[in-house]
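First the structure, in the form of structure tokens, and then the observations on it.
Just so you know, these numbers come straight off a predicted model, no measurement behind them.
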Amino acid sequence: MSGSQLNQEQYEAVFYRGGPMLVLAGAGSGKTRVITERISALVERDVPHDAITAVTFTNKAAKEMRERLQKRLGDTSKTLRICTFHALGLAMVREHAPLLERKSNVSIFSGSEQKSALRSVLADLKLPSDSDQVDRLIGRISLLKSGLLEAEDNSLAVICERYDALLARMNAVDFDDLMILPIRLLSEHKDVQALWRMRCRYFLVDEYQDSSRVQYDLIRLLMPADGHLTVVGDDDQSIYGWRGADVRNLFELDKDYPTLHVVRLEENYRSTQSILQASNTLIAKNSERMGKVLRSNLGQGKPVRIWESGNAEDEAQRLASDIKARRAVAEAKGWDDFCVLYRASFLSRPVEMALREADVPYHVSGGLSFFDRAEIQDTLAYLRLMANPEDDLAFMRAVARPRRGVGAKALELLGEFAWANECSLLEACLHDALEHRLSHTLREFADMVSGVEHMFLHSEPDDAFDALLERTRLEDIIRKEAADEDEAERRMRNIMDLRRWWMRHTEAGGNLESFMQHVFLASNQEQDEPEGQVRLMTVHAAKGLEFDHVYIIGVEDGLFPHKNAIEENRLEEERRLMYVAMTRARYRLTLAYVRVRMRYGTKEKKGPSMFLDEPDPSVLSWVDKSSDSAAAKEEVEDAMAIFKAIAEKAKART
């Protein structure tokens with residue numbers, strides 16, 4: 001791409017040669033294009049590849065960036081460091097593992113494994129370990145480790161210390177550690193800091209508004225005040241405060257980087273002007289923002305429709321009919337050009353029923369993750385154990401699948417033996433001094449794991465994976481436990497998907513250790529997007545996506561903005577959430593509310609959200625406010641045009 005294909009602001013952001021720069025990129029303004037073009041420009045200026053690091057927040061975003069650079073730069077792009085924050089942290093932990101009391105084949109514990117480790121700690125301390133207590137403590141430990149919480153009493157500090165020690169003994173880290181341990185490395189070891197500052201001389205951060213305070217601390221350690229830092233973000237799209245994102249990172253950037261240059265990207269390539277005008281005037285009500293006004297290059301477009309319905313069922317049927325009619329007119333368009341958004345998941349149920357009755361294919365985002373399926377967890381337990389023999393949690397799941405008669409009491413005794421002999425549970429199985437009626441079974445299990453591990457190290461990748469399923473008898477247990485043949489085949493298809501992923505990874509030069517670390521980073525990302533179906537999802541899940549037609553339901557008092565957010569003084573983040581929802585739409589945006597909604601079996605009277613009064617009224621079409629209004633007349637004419645087109649197409653086919 002030549003510079004002439006960029007607009008003026010994009011050109012400035014791509015070719016700026018000064019020090020730190022903030023690219024304030026509005027929704028649909030081409031920020032991904034800008035950041036990839038900037039990386040390309042650095043490469044074409046002969047900046048060493050090893051001096052360029054680009055980070056973002058999801059594997060999907062990092063993959064998209066790599067693919068775009070592949071098209072621009074060819075195979076030379078493969079040597080660039082483009083990854084998520086957590087992948088960068090993992091690379092630091094692996095390379096400098098001995099400085100962190102770890103080995104390079106470190107395991108990354110998921111949420112469920114963190115809870116298992118914490119339960120073990122609480123049991124040792126003879127403290128309650130019920131689910132509510134564990135969930136509460138996991139959150140508090142995360143805040144404590146991240147420096148966002150002071151220990152109110154010594155007990156929390158002791159629990160956290162024991163928990164960290166247990167992870168270190170199992171050569172494991174949790175996701176918080178992937179930020180905290182690199183910060184410790186860079187702070188305590190100046191030679192390590194100097195090395196990584198060389199590797200991050202040109203440091204680019206995408207979706208910067210989603211960064212946490214800990215991630216900003218990491219950035220400051222990697223990038224001096226006058227360094228070549230480029231951050232791309234949008235304060236108006238900061239919607240993840242509940243998981244640690246801090247919009248103040250944007251506002252405080254110029255304090256740590258006094259020469260910060262700011263470029264605003266305000267030309268929008270996604271939405272019509274009506275949608276942008278409604279969105280701009282809504283978000284302008286926020287006081288905590290840097291300020292920008294998006295403008296469209298797609299023309300004025302249709303007004304933003306506002307629907308009032310009597311109840312959720314009426315709203316859902318109206319929505320299904322509208323989708324079906326518009327899809328029938330535009331046969332070249334797919335069902336996946338339509339999206340229904342909501343603030344709370346329970347709002348999707350009536351919509352699902354209406355879409356089913358209308359024979360409209362749909363997909364509800366946020367279902368069971370691929371990595372949470374039992375058969376995948378079982379297989380990964382064996383792979384984790386082979387990659388890191390000190391991973392005791394992986395051992396406990398693997399030794400129980402399939403059952404070998406090794407119960408809780410035997411595992412407790414094995415754990416005591418391992419603790420006394422300062423070894424892992426897997427090593428304890430092979431220890432000559434182990435005396436237990438199940439010692440033969442445990443030794444057989446350890447020998448089997450060792451044999452399969454040998455195949456993963458020395459045999460063909462497909463033979464190794466097949467040996468895993470055969471020798472562990474995982475396939476047998478899956479087929480035996482399945483309710484019917486269809487379920488068995490579905491579960492085995494999931495295993496085969498994992499096998500194909502393993503094969504692709506080895507074809508790219510990876511090994512078991514790198515595969516497991518890749519898997520655990522990938523398990524934290526969103527699921528693949530389905531094709532050919534209407535999408536139903538929460539607004540949080542929709543960030544980064546775009547659709548021709550967007551319907552936002554439940555835009556009601558107490559629901560959006562949520563009443564809890566108002567009580568907790570989080571109205572501005574709720575307004576940003578509404579802004580994100582509205583700017584997902586390309587051509588048609590519909591905001592819907594009902595007069596009565598059922599909740600917990602009780603009818604609740606509802607009213608329009610305050611967010612419906614805030615956009616510029618000149619671009620809103622209140623369809624149901626007045627039967628003789630111009631807006632209502634336009635809606636009727638619009639509907640008549642749709643059905644006329646349907647009739648003409650039907651006539652042409654006959």
- Item | Donor-acceptor contact present, side-chain Arg38 to main-chain Tyr16, <3.5 Å | yes
- Query: Can you tell if the side chain of Val173 reaches within under 4.5 Å of the side chain of Leu181, non-hydrogen atoms only?
  - Reply: yes
- Taking Tyr257 for the side chain and Met223 for the main chain, is one N or O donor matched with an acceptor at less than 3.5 Å? yes
- Task: Could you tell me whether the side chain of Phe15 reaches within less than 4.5 Å of the side chain of Leu6, counting heavy atoms only?
- Result: yes
- Message: Using modelled atom types and a 3.5 Å cut-off, is there a donor and acceptor pairing between side-chain atoms of Ser40 and backbone atoms of Thr36?
- Response: yes
- Message: With heavy-atom distances below 4.5 Å as the criterion, would you say the side chains of Phe395 and Leu426 are in contact?
- Response: yes
- Query: Closest heavy-atom contact between Pro361 and Gly532?
  - Reply: CG-O, 3.7 Å
- Task: Check whether the side chains of Glu375 and Gln377 place a donor and an acceptor atom closer than 3.5 Å, and report yes or no.
- Result: no
- Item | Between Ser110 and Glu113, a side-chain donor and acceptor under 3.5 Å | yes
- Message: I need the minimum non-hydrogen distance between Gly544 and Arg584, along with the two atoms involved.
- Response: N-NH1, 3.4 Å
- Message: Assess, by modelled atom type and distance only, whether the side chains of Thr53 and Arg81 contain a donor and an acceptor separated by less than 3.5 Å.
- Response: yes
- Message: Tell me whether the count of non-hydrogen atoms from other residues, nucleotides or ligands lying under 6.0 Å of CD in Glu44 goes above 12.
- Response: yes
- Note on the structure: Closest heavy-atom pair, Leu298 versus Tyr269, reported as atoms and distance to 0.1 Å, is CD1-O, 4.1 Å
- Kindly determine whether Leu545 and Met537 satisfy side-chain contact (heavy atoms from CB on, under 4.5 Å), including the steps that lead there. CA-CA 11 Å; Leu545 303 178; Met537 66 181 76; 3.9 Å; yes
- Query: Are the side chain of Ser271 and the backbone of Ala585 linked by a donor-acceptor contact shorter than 3.5 Å?
  - Reply: yes
- Considering only heavy atoms from C-beta outward, does the side chain of Leu294 approach that of Ser279 to under 4.5 Å? no
- Within the 6.0 Å centroid threshold, strictly below: Phe57 and Phe85: yes
- No-hydrogen, no-angle side-chain donor-acceptor test under 3.5 Å, Asn268 and Ser29: no
- Message: So, taking the atom named CG in Asp236 and the one named CD1 in Ile283, what distance separates them when rounded to the nearest 0.5 Å?
- Response: 4.5 Å
- Query: Does the side chain of Thr76 pick up a donor-acceptor pair with the side chain of His49 at under 3.5 Å?
  - Reply: no
- Report the residues that fulfil side-chain contact (heavy atoms from CB on, under 4.5 Å) with Asp235, sequence neighbours left out, ordered by chain and then residue number. Leu24, Val247, Leu250, Phe251, Arg289, Met290, Lys292
- Query: CD of Glu460: more than 12 outside heavy atoms within 6.0 angstrom?
  - Reply: no
- Query: Is it true that a side-chain atom of His549 and a backbone atom of Cys339 form a donor plus acceptor pair closer than 3.5 Å?
  - Reply: no
- Query: Is Arg201 positioned over the aromatic face of Phe203, cation under 6.0 angstrom from the ring centre and no more than 45 degrees off axis?
  - Reply: no
- Heavy-atom pair with the smallest gap, counting every atom of Leu341 and Ala581: CD1-O, 3.8 Å
- Item | Under-4.0 Å salt bridge between Glu64 and Arg68 | yes
- Message: Between Tyr362 and Trp335, is the side-chain contact (heavy atoms from CB on, under 4.5 Å) condition met? List the steps.
- Response: CA-CA 8 Å; Tyr362 69 90; Trp335 291 114; over 6 Å; no
- Does Ala54 offer a backbone N or O that forms a donor-acceptor pair with the side chain of Asp206 under 3.5 Å? no
- Query: Do Arg384 and Asn388 touch side chain to side chain, with heavy atoms closer than 4.5 Å?
  - Reply: no
- Message: Could you tell me if the side chain of Asn105 sits less than 4.5 Å from the side chain of Asn171, heavy atoms only?
- Response: yes
- Neighbour count above 12 (heavy atom, 6.0 Å) for Glu489 CD: yes
- Task: Taking salt bridge (charged side-chain N to carboxylate O under 4.0 Å, His left out) as the test, write out the residues that go with Glu390, two or more places apart.
- Result: Lys103
- Note on the structure: dist Met516:CE -> Leu385:CG (nearest 0.5 Å) comes out at 10.5 Å
- Counting only heavy atoms not in Met198, do more than 12 fall under 6.0 Å of its CE? no
- Message: Within the 3.5 Å criterion, strictly below it, is a donor on His96 or Trp196 matched to an acceptor on the partner's side chain?
- Response: yes
- Polar side-chain atom of Glu266 near backbone of Val293 as donor-acceptor pair, under 3.5 Å: yes
- Message: Whether the side chain of Gln10 engages the backbone of Asn7 through a donor-acceptor N/O pair (distance < 3.5 Å, no angle test) should be reported.
- Response: yes
- Message: Could you check whether Arg499 makes a cation-pi contact with Trp502, meaning its NZ or CZ is under 6.0 Å from the centre of the six-membered ring and within 45° of the ring axis?
- Response: no
- Val519 and Leu380: CA distance, side-chain angles, deciding distance, side-chain contact (heavy atoms from CB on, under 4.5 Å) verdict: CA-CA 9 Å; Val519 163; Leu380 290 178; 4.0 Å; yes
- Would you sort out whether Val232 and Leu204 count as a side-chain contact (heavy atoms from CB on, under 4.5 Å), showing the intermediate values? CA-CA 8 Å; Val232 182; Leu204 303 96; over 6 Å; no
- Query: Just wondering, do Ile495 and Arg491 contact through their side chains at under 4.5 Å, heavy atoms?
  - Reply: no
- Does Val34 offer a backbone N or O that forms a donor-acceptor pair with the side chain of Glu37 under 3.5 Å? no
- Query: Partners of Arg401 by salt bridge (charged side-chain N to carboxylate O under 4.0 Å, His left out), sequence neighbours excluded?
  - Reply: Asp378, Glu481
- Query: Are Ser424 and Asp392 linked by a side-chain donor-acceptor pair shorter than 3.5 Å?
  - Reply: no
- Message: Can you confirm whether the side chains of Asp391 and Ser107 place a donor and an acceptor under 3.5 Å from each other?
- Response: yes
- Query: Between Val452 and Ala464, which heavy-atom pair has the shortest distance, and what is it?
  - Reply: CG1-O, 4.4 Å
- Item | Smallest separation among heavy atoms of Ala13 and Met21, with atom names | O-CE, 3.2 Å
- Check whether the side chains of Asp336 and Gln533 place a donor and an acceptor atom closer than 3.5 Å, and report yes or no. no
- Excluding sequence neighbours, so at least two apart, what forms side-chain contact (heavy atoms from CB on, under 4.5 Å) with Thr272? Ser274, Ile275, Tyr587
Which donor-acceptor pairs under 3.5 Å do the side chains of residues 183-193 make with protein atoms, sequence neighbours left out?
| unit_1 | atom_1 | unit_2 | atom_2 | d |
| --- | --- | --- | --- | --- |
| Arg184 | NH2 | Glu101 | OE1 | 3.1 |
| Ser187 | OG | Ile183 | O | 2.7 |
| Gln193 | NE2 | Leu221 | O | 3.0 |

- Is Glu546 salt-bridged to Arg586, going by a charged N under 4.0 Å from an acidic O? yes
- Task: Can you tell me which residue pairs pass the salt bridge (Lys or Arg N to Asp or Glu O under 4.0 Å) test with a partner in residues 506-520, sequence neighbours excluded?
- Result: Arg94-Glu513
- Query: Hey, what's the ring geometry for His505 with His518, parallel, tilted or perpendicular (30° and 60° as the breaks)?
  - Reply: parallel
- Just by distance, with hydrogens left out, do Asp256 and Tyr216 show a side-chain donor and acceptor under 3.5 Å apart? yes
- Can you check whether Leu393's main-chain N or O pairs, donor with acceptor, with Arg397's side chain at less than 3.5 Å? no
- Query: Should we say atom CZ of Arg17 is surrounded by more than 12 heavy atoms from elsewhere, each under 6.0 Å from it?
  - Reply: no
- Inter-residue atom distance Arg264.CZ - Glu9.CD, 0.5 Å rounding: 11.0 Å
